[in-house]
Amino acid sequence: MRYLNRLDSKIKQYEHGNFVVTSVDKFLNWARLSSMWQMTFGLACCAIEMMATSASHYDFDRFGIIPRPSPRHADMIIISGTVTLKMATRIKKLYDQMPEPKYIISMGSCSNCGGPYWEHGYHVLKGIDRIIPVDVYVPGCPPRPEALLEGVLKLQDKIRNQSTYKKNKA
Amino acid sequence: MNSNEIYNLLKSFFPDAVIDYKDDKPVEPYIIVSAKEIDKICLFLRDEENLQFDYLSCLSSVDFDNDNLAAVYNLYSFVHNHKLNIKVIVPKSDPVIKTVSSVWNTANWHEREAYDLMGIIFDEHPDFRRILLPDDWEGYPLRKDYKVQEFYNGMKVPY
């Protein structure tokens with residue numbers, strides 16, 4: 001009950017029945033944001049920070065984020081590092097294999113905008129948003145685990161307010 | 001043996017293929033040899049009793065920005081504890097060098113890298129293709145006159 005109260009304080013509870021009433025949107029969003037399975041995917045130095053975030057000290061698991069070995073299991077992908085043009089082709093392929101709904105966190109300067117390679121990096125894609133849509137950008141080079149967790153919380157906020165049926169809800 | 005002695009020895013065995021010896025301090029001395037004979041010279045350097053260069057420390061490439069490219073061979077002998085630098089200079093219009101991967105296997109990937117980034121072609125290499133960049137990449141990025149392509153596979157490249 002504690003969790004459901006957190007979902008909606010005005011949730012309707014019945015005295016004797018073992019059930020609650022809530023809206024479909026709120027229930028689905030709650031389920032989705034509480035278990036964002038992440039695709040096991042690391043690119044560069046940001047991936048080291050991502051691994052640190054997964055480890056026991058910062059503990060991704062308490063947000064329900066579990067690394068999955070296949071894009072077909074994953075709800076979310078963290079683009080953690082420099083995206084070379086060679087890798088970009090592969091990322092697009094992996095992204096296309098993920099089932100809807102899927103979310104993307106762009107982690108670090110490189111995947112946000114090319115980072116230090118913006119001018120002379122002939123081989124670097126200048127921002128992952130040139131090939132796939134990004135939900136949350138996490139700045140930093142590389143971002144500390146706290147910053148990545150902030151990005152995850154931002155993504156949870158975004159999911160909390162989305163609507164399954166009314167696609168264009170403000 | 002020092003580089004000058006090695007040069008004199010090489011010159012006596014390969015009078016046409018060994019072109020020059022340079023000792024411009026503070027740069028380490030180096031020997032310039034012909035692109036067509038480099039494999040034979042390297043085999044000699046490896047197998048000759050007094051030389052025994054059993055280790056190719058590095059094989060790198062240079063663009064001099066004057067219509068010439070070069071491959072640089074850094075050799076070392078664990079037996080005699082001496083080293084040698086060799087340069088092979090080729091024109092950009094026809095950058096073909098004989099492979100030394102039959103002499104030292106290390107050269108296999110190093111030569112592929114020199115081809116990938118600088119466009120030096122190594123003749124008779126057993127597995128000659130790009131090593132780092134995608135197979136469909138155009139151009140050789142470390143050349144001084146390299147222009148970044150506008151698009152790669154539909155992705156815009158410049159910032």
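Since we're looking at a predicted model, the values are computed, not measured. The chains referred to below are lettered A, B, ... by the order of the sequence lines, with proteins before strands, and numbering in each begins at 1.
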Heavy-atom count check: over 12 atoms from other residues, nucleotides or ligands less than 6.0 Å from B/D123 CG? yes
Mark yes when over 12 heavy atoms from residues, nucleotides or ligands other than B/Y55 sit less than 6.0 Å from its OH; otherwise mark no. no
With the side chain counted from C-beta on, respond yes when [X] and [Y] share a heavy-atom pair under 4.5 Å apart, and no when they do not.
{"X": "B/N50", "Y": "B/M1", "result": "yes"}
{"X": "B/S34", "Y": "B/F14", "result": "no"}
{"X": "B/I97", "Y": "B/I120", "result": "yes"}
{"X": "A/I105", "Y": "A/V138", "result": "yes"}
{"X": "B/I31", "Y": "B/S3", "result": "no"}
{"X": "B/K98", "Y": "B/E124", "result": "yes"}
{"X": "B/Y76", "Y": "B/L56", "result": "no"}
{"X": "B/K92", "Y": "B/N68", "result": "no"}

Check chain B and chain A for donor-acceptor pairs under 3.5 Å and report each one on its own line.
unit_1: B/L132; atom_1: O; unit_2: A/K86; atom_2: NZ; d: 2.8
unit_1: B/K156; atom_1: O; unit_2: A/R130; atom_2: NH1; d: 3.0
unit_1: B/V157; atom_1: O; unit_2: A/K126; atom_2: NZ; d: 3.0
unit_1: B/P158; atom_1: O; unit_2: A/R130; atom_2: NH1; d: 3.0
unit_1: B/P158; atom_1: O; unit_2: A/R130; atom_2: NH2; d: 3.4

I need the contact set between residues 78-90 of chain B and chain A: heavy-atom distance under 4.5 Å, sorted by residue number. none
Which atoms of B/V157 come close to chain A, meaning under 4.5 Å heavy atom to heavy atom: side chain ones, backbone ones, both, or neither? both
If one checks every heavy atom of B/L132 against chain A at 4.5 Å, the contacting part turns out to be backbone
Does a donor on one side chain and an acceptor on the other come within less than 3.5 Å for B/T99 and B/E111? yes
Heavy-atom distance under 4.5 Å to chain B: side chain of A/L125, backbone, both or neither? side chain
